[in-house]
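Working notes, beginning with the structure itself.
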Amino acid sequence: MRSIRAAAVGAVTMSLALAATACGGGSAAGGGSNDSPKTLTYWASNQGASIEIDKKVLQPELDKFEKQTGVKVKLEVVPWSDLLNRILTATTSGQGPDVLNIGNTWSASLQATGALLPWDAKQFDAIGGKDRFVASALGSTGAQGKDPAAVPLYSMAYALYYNKKMFADAGIANPPATWAELIADGKKLSKGGKWGLGAEGSNPSENIHHVFVFAKQHGADFFTADGKPDFTNDGVVSAVQQYVGLMASDKIIAPGNAEYAQNQSVSDFAKGKNAMLLWQSASANLKSQGMSEADYGIAPVPVQSGTPGTGANVNSMVAGINMAVFKNTHNLDGATKFVKFMTSDAEQKILNTAYSSIPPVAAAQADSAFNTPANAVLKDTLAKSAAALPQVADESQFETAVGTAVKELFADAAAGRAVTAESVKAKLEKAQQQMPTK
């Protein structure tokens, strides 16, 4: 999902708890109708550098859909900082949009509310078939063994973006392939008011994405095989300490980044304040901020050692946006047609080009437009070395609790307080206590 997300802490857990106990959440009206066949409401996630940019991308396509079908789509682009709470409130009240974008990591949590339309074989057939979508994208659409709660719309992966001139000036010939190399390079680059690496230390979801990858590289998971939280195992503690240590002990991230939560690290990279950036499909964002593609290179995210490969050395979470339909929609046929339209080969090419993301639809992904050097890194990562975040009902609380713990550790680092294994474990213990008990 897009990394500008910064889910509010206080309301998420309560909202999800209410949603899980509601009588079907948004399905309270009994499962959808076609009472309003001429209109749809659509909550789109903020994918571009601003909400206005998203409106410019999406409105022509919505107008095209209206011309083809006679169905008018009322668009609202919702910031990531508000989106999860807006959705959770809608699942409890039953007053939601017809169609909405969700971060793919939320799929199982929102599925558990009962508010979203399940995408069974019949529903997938209505939009051209499940086999149109690539397997990695389908892996983040809901709990294993259940019909998906959503349909993949945009696929993304993390990559390392690096400033070519800053690297050349520092005498660095190649981008780092391991974390040891990244730290060594980062120290050479952190001088004169500039820094080796940028981060969004105050963004819980961005924190989760990175510590999830670090944990995988340490051979650890945040949940046991039966879905119970296990936030304080040695591998997770080491992963969190290593990530926050990039600021705390390695000192290649500016202390001010502890307060970043809304794309500031991307802006700093575009302005030459940071030499490296770990981000999801950033090319369109950087271009909108005036950075030429010739000024930066793109490489796989570093690993502990060696090179990424299938089943080992995970270096990204499976990032992306899914499209869901509320069960109590008043235009079920129109909503299905709209999902079909947005996931059609033609629209997939238009939308994913606009957002420098990768189409999760196989035919569109194979188009020559997505065979750029930047996309080659992202596609290879998604195919070989990305892993899906846990598709468990408590995933949203996990992101908030652990992401906030990492945020607090970044605040400690920025204040000059030591980030030790003991302090990391204490924060993670507190986070685990915030998880629902079964």
Listed pairs under 3.5 Å, donor-acceptor, residues 236-251 side chains, sequence neighbours left out:
from, atom 1, to, atom 2, distance (Å)
Ser238, OG, Asp234, O, 3.0
Gln241, NE2, Val419, O, 3.4
Gln242, OE1, His218, NE2, 2.8
Gln242, OE1, Gln304, NE2, 3.0
Ser249, OG, Gly245, O, 3.2
Lys251, NZ, Ala248, O, 3.2

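Screening residues 132-144 for salt bridge (charged side-chain N to carboxylate O under 4.0 Å, His left out), with sequence neighbours left out, gives Arg132-Asp345. A salt bridge (charged side-chain N to carboxylate O under 4.0 Å, His left out) check over residues 84-104, counting only residues at least two apart or in different chains, returns the pairs Glu76-Arg86.
Here Ser190 pairs with nothing under the side chain to side chain donor-acceptor pair (under 3.5 Å) rule; sequence neighbours left out. Partners of Asp54 under the salt bridge (Lys or Arg N to Asp or Glu O under 4.0 Å) rule, at least two apart in sequence or in another chain, do not exist in this structure. In this view, Ser368 satisfies the side chain to side chain donor-acceptor pair (under 3.5 Å) rule with no residue, not counting sequence neighbours. The side chain to side chain contact (heavy atoms under 4.5 Å, CB included) search around Ala157 returns Ser316, Leu378, Thr381, Leu382, not counting sequence neighbours. In this view, Lys130 and Phe124, Leu138, Pro148 satisfy the side chain to side chain contact (heavy atoms under 4.5 Å, CB included) rule, not counting sequence neighbours. Listed by chain and number, the residues in a side chain to side chain contact (heavy atoms under 4.5 Å, CB included) with Thr178 are Ala180, Glu181 (sequence neighbours excluded). For Lys164, there are no salt bridge (Lys or Arg N to Asp or Glu O under 4.0 Å) partners, not counting sequence neighbours. Residues satisfying the side chain to side chain donor-acceptor pair (under 3.5 Å) test with Ser267, not counting sequence neighbours, are Gln289. For Asp169, the side chain to side chain contact (heavy atoms under 4.5 Å, CB included) criterion is met by Lys165, not counting sequence neighbours.
A donor atom on one side chain and an acceptor atom on the other are found under 3.5 Å apart for Tyr158 and Gln280. Tyr355 and Asn285 form no side-chain donor-acceptor contact under 3.5 Å, judged by distance and modelled atom types alone. Side-chain contact of Asn101 with Tyr42: a donor-acceptor pair under 3.5 Å is present, judged by distance alone. Glu52 and Ser50 form no side-chain donor-acceptor contact under 3.5 Å, judged by distance and modelled atom types alone. Checking Gln432 against Thr232 by side-chain atom types alone, no donor-acceptor pair falls below 3.5 Å. For the residue pair Asn371 / Lys379, a side-chain donor-acceptor distance below 3.5 Å is found, with atom types taken as modelled. Looking only at atom types and distance, the side chain of Trp179 has a donor-acceptor partner in the side chain of Gln217 under 3.5 Å away. Between Asn352 and Ser357, the side chains place a donor N or O and an acceptor N or O closer than 3.5 Å (distance only, hydrogens not considered).
Glu206 is listed as a side-chain neighbour of His209, based on a closest heavy-atom distance under 4.5 Å. Thr343 is listed as a side-chain neighbour of Phe133, based on a closest heavy-atom distance under 4.5 Å. Using a 4.5 Å cut-off on side-chain heavy atoms (C-beta onward), Thr105 and Met317 make contact. Contact annotation: the side chain of Ile102 approaches that of Ile87 to within less than 4.5 Å [non-hydrogen atoms, C-beta and beyond]. Side-chain contact between Tyr260 and Asn203 is absent, with no heavy-atom pair separated by less than 4.5 Å. Here the side chains of Pro176 and Leu160 are in contact, with some heavy-atom distance below 4.5 Å. Proximity of Leu58 to Leu351: side-chain heavy atoms (C-beta onward) are separated by under 4.5 Å at one or more points. Using a 4.5 Å cut-off on side-chain heavy atoms (C-beta onward), Val339 and Trp119 make contact.
With rounding to the nearest 0.5 Å, the separation of CG in Leu88 from OG in Ser109 is 8.5 Å. Thr329 OG1 to Leu40 CG: the interatomic distance, rounded to the nearest 0.5 Å, is 6.5 Å. Taken to the nearest 0.5 Å, the CG atom of Leu409 stands 6.0 Å off from the OG atom of Ser423. Taking CH2 of Trp195 as the start and CG of Asn274 as the end, the distance is 9.5 Å to the nearest 0.5 Å. In this structure, the separation between OG on Ser265 and CD1 on Ile253 is 9.5 Å, given to the nearest 0.5 Å.
Aromatic ring orientation, Trp106 versus Trp80: perpendicular (interplanar angle above 60°, classes split at 30° and 60°). Using cut-offs of 30° and 60° on the angle between ring planes, the pair Phe231 and Phe222 is perpendicular.
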